[in-house]
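Comments concern the structure below.
Computed over heavy atoms, backbone and side chain alike; hydrogens, waters and symmetry mates excluded. Since this is a predicted model, take the numbers as computed values, not measurements.
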Amino acid sequence: MTVVEVQLPGPLALVPSQGAMRRLGHDLPDPVTLAAELTRLSQRDGLPARIDESRGRPSLAVYTDSCVLWLGLTQNGDAYRINGAAPKGLKDHASLVKGALLLRTGAAWWALPDVADVARMRRERDMTFDTSFSQLLAAWRTGLAVAAPPSVNPAHTRFLDVLNEVVEAGREIEAAKLRDAEPLRYRQRAATREQRYSARGVYDFTLLRRPDLVRGAVVRIEERPALRGRVVHIRDRTVTVRFESAVDFPAIPPQGGLRPLPSDRVGFLDELRRFNVAISRARRQLVLVGDTETLERAGDEAFGQVMQAMTAYLRHSGDLRTSAEIKAVL
């Protein structure tokens, strides 16, 4: 895998299109949450990105932990418009293996409602946004676009296509089931002890009935769809939710509903016992094929910890290879 690091001066602005807003804040995170995720990745590990020049005008694709955003320049070229968004699938992982830019910045990504807000921020806050797209395009063409793409077995491509269709069909079935279901009604909410020591919103919800939920499930407030979070604890009828961003207590309705959302995690990784069965049957050799980031984010916390420990062990004492390295020897 070829990676070219690019340092961006920033700050960078995101303006969602009307088409993208049909998904953002519903089955995908809202623009503000996405901007926070892009900032986190850019400032810490680096934000993976690729440039698409197949449709005439170049565009930028950026990859978060759970989704991919397709970005184009606004008319003045000083902000990115979110033209599309989708959950990150197998094809996206395959594209990143071929090569990617790794964007880094000490500045932040900003989510703005409209293009006019870019000029308003410059006028009122003396804030100038910079897409640095010419710099990205030059880095792409110099370091990646000229490289010969690795040959891919057609059968492997067909397999990925079918597998991706199965995954997407499963997501659509899950999404339709959740849309038709009644939300989980709660009669009160309360700040948890953890909330006092965390900058992120963590709240307890007392439900009217026992929830059909698992730890790690994604939920949103029915009356406030932009408030999304992940279930971190379940005790009888009390569900603890860690929200994606800081949430003031008054912003949450005293009584309301929690609506489960399609998960961004792989369903069969929801408990450690299945993994134990899978790896304890090998007699001579054990080969695991998967995405380490997905495995380490499994819904079962113990499973995720085991995978983190196993990945660290393989890097130090075992044989951990990328898909590109495997293809080279096949």
Notebook entry, point to check: Would you say Arg125 has more than 12 foreign heavy atoms packed within less than 6.0 Å of its CZ?
Noted result: no

Note to self: Quick check for you: to the nearest 0.5 Å, what is the distance between Leu14 atom CG and Trp109 atom CH2?
What the structure shows: 5.5 Å

Margin query: Let me confirm one number: the CG-CZ distance from Leu73 to Arg81, rounded to the nearest 0.5 Å.
Written below: 11.0 Å

Notebook entry, point to check: What distance do Asp212 atom CG and Leu184 atom CG have between them, rounded to the nearest 0.5 Å?
Noted result: 8.0 Å

Checklist line | Neighbour count >12 (heavy atoms, 6.0 Å) for atom CD, Glu182 | finding: no

Notebook entry, point to check: Are Phe129 and Val62 linked, directly or through other ILVMFWY residues, by side chains that come within less than 4.5 angstrom of each other?
Noted result: no

Next item on the list: Taking all non-hydrogen atoms of both residues into account, name the closest pair between Ile82 and Pro16 and its distance.
Entry: CB-CA, 3.9 Å

Next item on the list: Taking all heavy atoms of Val214 and all of Ile234, pick out the closest pair and write down the distance.
Entry: C-CD1, 3.9 Å

Check: Just wondering, are more than 12 heavy atoms of other shown residues or ligands nearer than 6.0 Å to CG in Asp114?
Finding: yes

Check: Can Thr192 and Asp204 be counted as having a side-chain donor-acceptor contact under 3.5 angstrom?
Finding: no

Notebook entry, point to check: Would you say Leu47 and Thr39 make side-chain contact, with heavy atoms under 4.5 Å?
Noted result: no

Notebook entry, point to check: Which value, rounded to the nearest 0.5 Å, describes the distance between Arg209 atom CZ and Arg185 atom CZ?
Noted result: 10.5 Å

Notebook entry, point to check: If only atom types and distance count, is the side chain of Arg50 paired as donor or acceptor with the main-chain N or O of Ser95 below 3.5 Å?
Noted result: yes

Checklist line | Glu223 vs Pro253 side-chain heavy atoms within contact, under 4.5 Å | finding: yes

Margin query: Below 30° counts as parallel, above 60° as perpendicular, anything between as tilted: where do the rings of Tyr203 and Phe249 land?
Written below: tilted

Notebook entry, point to check: Backbone N or O of Asp78 within a donor-acceptor pair of the Asn76 side chain at under 3.5 Å?
Noted result: no

Next item on the list: Look only at the side chain of Arg259 and the backbone of Ala181, and say whether a donor-acceptor pair between them is shorter than 3.5 Å.
Entry: yes

Next item on the list: Please confirm whether the backbone N or O of Thr238 pairs with a side-chain atom of Asp236, one donor and one acceptor, at under 3.5 Å?
Entry: no

Check: So do the side chains of Arg237 and Phe205 get within less than 4.5 Å of each other, counting heavy atoms only?
Finding: no

